[in-house]
Amino acid sequence: MKAAVVNEFHQKLEVKEVAVPEVGYGEVLVKIKTCGVCHTDLHAAHGDWPVKPKLPLIPGHEGVGVVEKLGEGVTSLKLGDRVGIPWLFSACGECDYCLTGWETLCQKQLNGGYSADGAYAEYCVAPAAYVARIPDELGDVEAAPILCAGVTTYKALKVANVKPGDWVAIFGIGGLGHVALQYAKAMGYNVVAVDIHNEKLELAKELGADVTVNSSEVDPVEAITEQVGGVHGAISVAVTKKAFEQAYKSVRRGGSLVVVGLPNAELPIPIFDTVLNGVTVKGSIVGTRKDMQEALDFAARGKVRAIIETQPLDKINEVLERMEKGQINGRVVLTME
Ligand code: NAD
Ligand code: ZN
Ligand code: ZN
């Protein structure tokens with residue numbers, strides 16, 4: 001099968017023929033149709049994070065495809081079912097986290113396109129219990145970004161603990177941010193969109209942002225404080241440390257900052273302000289299988305729709321280069337055929 005492979009960090013991915021993986025107990029072989037390109041895949045290809053991915057690696061955790069082979073013991077899926085390959089590739093099912101509906105925190109989890117081979121390929125093998133079921137209303141292309149960008153930002157908004165009518169700021173209107181703002185609107189929040197590129201803010205306006213701020217032109221903390229009195233929740237899905245510092249300072253008293261983007265950096269948090277302002281700072285990692293169903297349901301009902309550019313798998317290196325320069329509006333989805 002054809003696959004895009006990371007052989008070494010900071011090298012171009014190699015698009016080449018590799019063996020179709022064998023299906024094990026409880027697993028399914030999925031014929032991949034599409035796969036979204038997440039900034040995480042760029043971090044993986046660069047080895048940016050303290051925990052490194054496997055090498056060689058087939059990235060991709062927004063994969064959509066069709067079940068083509070069932071491993072022994074699989075009863076929950078049948079041939080022809082449409083499924084998604086997510087970041088939460090598998091978890092142990094037995095630890096405290098798994099038992100309490102926090103399988104995203106399982107210490108034995110595997111991650112699609114990181115510690116397990118993902119969906120930048122014509123085929124992918126995955127555990128039947130953790131693949132997402134794609135609703136009939138969603139096409140193979142439009143479903144892809146929901147599998148990470150969608151579920152991640154939906155979950156982040158849930159843990160922000162805000163209520164309809166509250167103000168939420170989204171820092172970084174990229175692949176995650178442009179769907180974050182749509183979930184936020186669908187959940188009844190008022191939205192401030194912050195980015196450093198005007199095209200992204202134009203898109204944000206089209207998608208219903210109530211206020212947009214270009215943080216390369218004005219101080220977003222001042223703008224947000226002046227215009228809305230600080231936000232009840234800030235979600236940082238940007239890829240630079242600066243945005244996190246600004247997001248923290250944009251939060252009003254009693255509000256929360258949800259940290260989602262993953263630049264390899266420290267976030268210095270002033271103790272005095274955090275205490276006196278009663279601010280909550282939370283990390284949020286993708287979403288559980290239940291969050292995934294809910295996030296897909298929003299999309300199936302037309303409340304959230306990713307803005308998508310399709311590219312063939314062979315173009316992956318060009319796509320990653322553009323992503324690094326902030327030149328992608330919405331999400332790129334790779335097609336395998
Ligand atoms: P992306 O490249 O599509 O978008 C990043 C956006 O941030 C771009 O629009 C860019 O213009 C903007 N940006 C850059 N610097 C900025 C600044 N100073 N202020 C405001 N905006 C700024 O990336 P993506 O696919 O949306 O992923 C974003 C980050 O989220 C990555 O670090 C990725 O690894 C991480 N991520 C985390 C999770 C999780 O579960 N926590 C899941 C998926 C992705
Ligand atoms: Zn992702
Ligand atoms: Zn577990």
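We count ligands from 1, going down the list as the structure has it; atoms in each ligand are counted the same way.
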Using residues 245-253 as the side-chain source, report each donor-acceptor pair under 3.5 Å to any protein atom, sequence neighbours left out, with the distance given to one decimal.
from : atom 1 : to   : atom 2 : distance (Å)
Y248 : OH     : T274 : N      : 3.3
Y248 : OH     : T274 : OG1    : 2.4
S250 : OG     : Q246 : O      : 2.7
R252 : NE     : G230 : O      : 3.1
R252 : NH1    : H232 : NE2    : 3.4
R252 : NH2    : V228 : O      : 3.0
R252 : NH2    : G230 : O      : 3.2
R253 : NE     : N277 : OD1    : 3.1
R253 : NH2    : N277 : OD1    : 3.4

Listing residue and atom name, which protein N/O/S atoms are closer to the Zn ion (ligand 2) than 2.8 Å? C38 SG, H61 NE2, C148 SG
Check this for me, if you would: do D117 and K54 make a salt bridge, where the nitrogen-to-carboxylate-oxygen distance has to be below 4.0 angstrom? yes
Can a salt bridge be assigned to the pair R331 and E62 using a cut-off of 4.0 Å between side-chain N and carboxylate O? yes
Protein-derived N, O or S atoms lying under 2.8 Å from the Zn ion (ligand 3), waters excluded: 4
Are Y154 and F298 close enough that their ring centers fall under 6.0 Å? yes
Charged N to carboxylate O below 4.0 Å: is that the case for K31 and E122? no
Quick check on the 6.0 Å ring-centre criterion: do Y189 and W167 meet it? no
Above 12 or not: heavy atoms from other molecules or residues under 6.0 Å from CZ of R305? no
Count the heavy atoms of every other residue, nucleotide or ligand shown that sit under 6.0 Å from CD of E17, and state whether that count exceeds 12. yes
For L276, does the CG atom have more than 12 heavy-atom neighbours from other residues, nucleotides or ligands under 6.0 Å away? yes
Atom-level proximity to ligand 1, residues with heavy atom under 4.0 Å: C38, H39, T40, H43, W49, C148, T152, G172, I173, G174, G175, L176, V194, D195, I196, H197, K200, S215, V237, A238, V239, T240, A243, V260, G261, L262, S284, I285, V286, M323, R331
Is it true that W87 and Y130 have ring centroids separated by less than 6.0 Å? no
Is it true that R322 and E309 have a side-chain N and a carboxylate O under 4.0 angstrom from each other? yes
Taking the six-membered ring of W102 as reference, does the cationic atom of K290 (NZ for Lys, CZ for Arg) lie under 6.0 Å from its centre and within 45° of its axis? no
Looking at D297 and K303, is any side-chain nitrogen of the basic one under 4.0 Å from a carboxylate oxygen of the acidic one? no
